[in-house]
Amino acid sequence: MTVFLKICRFGAFGVFDAQGENVQLGAKHQALMSLLSTADGGIRTRAFLEKTLWCLAQPEQAKASLRTALSTLRRHLGPEAAKLLFANRERVILDLTRVELDSCAGSLEFMEGFELPHESVFNSWLSDTRAEFSRSSAHPVPQAGAAPGRVILDRLLPSIAVLPFVHRSPGAADAPLGSLMSEELSRHLSRSWAFSVTSYLASRQFDPEKVRPAEVSSVAGVDYLISGTVTSDGGRFRAEIDLHDAVREKVIWSRSFDGSKSSLMEGRSSVLRNATLQIGQTAAGEAVRLAGFKPLKALESHVLLMAAISLMQEMDAGKFQRAHEILSHLLEREPNHALPLTWMGFWHVMRVEKGLSPNREEDSRLASRMADAAIDAAPAFSLAHTLKGLISSHLTFRFDLAQDAYDLALRDNPNEALALLLKGATLAYQDMPDAAVQMTDAARQLTPLGPQCYYFDAISALAHLSARNYGRAIELADRSLDAKGAFPVPLRSKAIALQMSGRGDEARSTVQKLLEAAPKFCLSQFQRDNPAAMSPAGPEWASALRQAGVPE
């Protein structure tokens, strides 16, 4: 990736452009760059920067000073490097993936000889940072310059490795089809928060015809292993894929798939998408089974997490509540870990969406608290920012804040499917239907955790409803309902789409199912609590629901 800036922090502090030319900066701008370059993911809150760099100023004056400093800094950096500096209402971010940072070397001091007169808070931070670096010759900041969101969370995700697939006759034995398929499958799996995926290049060290799953587990430290064989005939191939519990050396899933070579070569193979989906569903189902008969304290943390995520998708109130119990236990075990904090936040939002919440405001408050705690624990964690956006868009109707949060999530992980999906929904609420459809369709092309697919279909149906693609909205709502028949969101979208396309009898039948799934649902609740009602199409949708039999 192209490097636009180089920052020397040990010895005399300096910022240099891509050609090595020194960027002339004042003391306050140097301090700002030092704070950002040492932050997890390059992210600092505005409040922290204001307090640290303008400790004597009044709050409004400090805010204005930071705005001015950012504007001036961008100008000094130049048009290309300025793109690395991003700010929203809450945070300032320096894209460290395009910045070359030096490491603590020898006896060189961090920002040697530097100080800010009269800024006691910054000078205290500088003193503490120098002391920390002097105690260790390791890299200054654990995640600086890296993509921190996923790395620091991998230990709580079930790990999986994909062995190179074995090519069987007929077909040319030297064809790279097996390697291509296993490499693409690794890529599909890595797009989801379902697994921590071992690098495919690392997996190639094993001979797939001789190695035992337990050997791979002991060397690579994985919980699950995927192996397979592939045969080809003309433009078609057939793949036999197995999912192993690597530790217990037990095959827990095995399927055959047929597909075309051309779609595989173009990176759009439905075979790999379906295989990834089924692998995620199987692993989650196995986790639920284990959590059902083993005491929680005896289970691995990643098993608890997968079981909770899977149970959260259930419409049954008892199973949904069981997810809360498992997450609570996991938070006792991992009290400051961003991943369980984030999923507990999602649990509170989903309780509102499923119509199970006794107190919408309380669930909103608790979800926000979990999101803030997760972001404090891992400032660049894409899923935590996605949760923050979901709360803003679906519970508090602050679509501007939601867009900022989704953008932050996608900066950390451009393949964060849930952020793409929910950003699309927010665009639908703001009367941008074409962009909403484009974004939700893109989200569905990425492979989410298997049990969540119904949710992606439901939100995509809403986007198509906003674009007046009634047939497609009904089709996607039905797909969601085939998986989770009592989910109010697709039932509501389907009823509106049916009524607005002149199919009143079917709309009334769908409303009856909606009222069975959510007995308290009524038009006043829809208009008060649903972000869809805030959209320009809201009155029209409310009218359609009224005509289809939803009570006032």
How long is the straight-line distance from [atom2] of [Y] back to [atom1] of [X], given to the nearest 0.5 Å?
X: His385; Y: Leu410; atom1: NE2; atom2: CG; value: 11.0 Å
X: Asn469; Y: Ile474; atom1: CG; atom2: CD1; value: 11.0 Å
X: Leu331; Y: Met344; atom1: CG; atom2: CE; value: 5.0 Å
X: Phe381; Y: Leu408; atom1: CZ; atom2: CG; value: 14.0 Å
X: Ser260; Y: Arg236; atom1: OG; atom2: CZ; value: 5.5 Å
X: Asp363; Y: Ser368; atom1: CG; atom2: OG; value: 10.5 Å

Quick check: closest heavy atoms across [X] and [Y], and the distance to 0.1 Å?
X: Ala458; Y: Ser480; value: CB-OG, 3.6 Å
X: Val437; Y: Thr440; value: O-OG1, 3.3 Å
X: Ala507; Y: Ala495; value: CB-O, 3.6 Å
X: Ala517; Y: Ala486; value: CB-O, 3.3 Å
X: Arg492; Y: Leu514; value: CA-CD2, 4.2 Å
X: Gly42; Y: Leu96; value: N-CD1, 3.4 Å

Query raised in the report: Does the side-chain contact (heavy atoms from CB on, under 4.5 Å) test come out yes or no for Asp478 and Lys494, once each step is laid out?
Result: CA-CA 8 Å; Asp478 281 336; Lys494 182 180 178 181; 2.7 Å; yes
Report yes if some heavy atom in the side chain of [X] is under 4.5 Å from a heavy atom in the side chain of [Y]; otherwise report no.
X: His394; Y: Leu422; answer: yes
X: Lys83; Y: Arg74; answer: no
X: Asp258; Y: Phe237; answer: no
X: Phe86; Y: Asp95; answer: no
X: Arg468; Y: Pro433; answer: no
X: Met315; Y: Phe487; answer: yes
X: Glu334; Y: His329; answer: no
X: Val92; Y: Phe48; answer: no

**Report entry** Residue that, paired with Leu327, satisfies side-chain contact (heavy atoms from CB on, under 4.5 Å) out of Met370, Glu332, Met312
**Finding:**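 Exactly one option meets the side-chain contact (heavy atoms from CB on, under 4.5 Å) with Leu327, and it is Met312.
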The criterion is salt bridge (Lys or Arg N to Asp or Glu O under 4.0 Å); which residues satisfy it with [X], sequence neighbours excluded?
X: Arg322; answer: Glu325
X: Lys63; answer: Glu50
X: Glu362; answer: Arg365
X: Arg472; answer: Glu475

Polar side-chain atom of [X] near backbone of [Y] as donor-acceptor pair, under 3.5 Å:
X: Ser535; Y: Pro531; value: no
X: Ser159; Y: Asp223; value: yes
X: Arg360; Y: Leu395; value: yes
X: Ser310; Y: Ala307; value: no
X: His337; Y: Leu339; value: yes
X: Thr396; Y: Ser392; value: yes
X: Thr386; Y: Ser382; value: yes

Does a salt bridge link [X] with [Y], judged by any charged N lying under 4.0 Å from a carboxylate O?
X: Lys423; Y: Asp407; value: yes
X: Lys484; Y: Glu314; value: yes
X: Asp245; Y: Lys250; value: no

Requested in this report: Using the side-chain contact (heavy atoms from CB on, under 4.5 Å) rule, take Val251 and Leu243 through it: C-alpha gap first, then chi angles, then the decisive distance, then the call.
Outcome: CA-CA 6 Å; Val251 176; Leu243 174 65; over 6 Å; no
Query raised in the report: Would Asp372 and Lys388 count as a salt bridge (charged side-chain N to carboxylate O under 4.0 Å, His left out) if you check the C-alpha gap in whole Å, the side-chain angles of each, and the deciding distance to 0.1 Å?
Result: CA-CA 8 Å; Asp372 290 339; Lys388 193 80 172 176; 2.3 Å; yes
Report task. Report the C-alpha distance between Leu383 and Phe346 in whole Å, list the side-chain angles of each, state the deciding distance to 0.1 Å, and finish with yes or no for side-chain contact (heavy atoms from CB on, under 4.5 Å). Result -> CA-CA 10 Å; Leu383 202 62; Phe346 276 119; 3.9 Å; yes
Show which side-chain atoms of residues 542-552 pair as donor or acceptor with protein atoms under 3.5 Å away, not counting sequence neighbours.
unit_1: Ser543; atom_1: OG; unit_2: Gln547; atom_2: NE2; d: 3.1
unit_1: Arg546; atom_1: NE; unit_2: Glu552; atom_2: OE2; d: 2.6
unit_1: Gln547; atom_1: OE1; unit_2: Gln499; atom_2: NE2; d: 3.3
unit_1: Gln547; atom_1: NE2; unit_2: Ser543; atom_2: O; d: 3.4

Query raised in the report: Is the number of heavy atoms from other residues, nucleotides or ligands within 6.0 Å of CG (Asp400) greater than 12?
Result: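 Enclosed.
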Report task. Test side-chain contact (heavy atoms from CB on, under 4.5 Å) on Asp242 and Arg255 and set out the steps. Result -> CA-CA 7 Å; Asp242 298 327; Arg255 294 289 187 278; over 6 Å; no
Query raised in the report: In terms of ring plane angle, is the pair Trp347 and Phe320 parallel, tilted or perpendicular, where the classes change at 30° and 60°?
Result: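 Parallel.
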Query raised in the report: For Ser393 and Tyr406, does a side-chain donor sit closer than 3.5 Å to a side-chain acceptor?
Result: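 Ser393 vs Tyr406: donor-acceptor pair found between side chains.
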Query raised in the report: So, Tyr455 versus Glu353: side-chain donor-acceptor pair below 3.5 Å or not?
Result: yes
Query raised in the report: Is there any side-chain hydrogen bond (donor to acceptor under 3.5 Å, both in side chains) pair reaching into residues 507-527, and which pairs are they, with sequence neighbours excluded?
Result: Asp505-Arg508
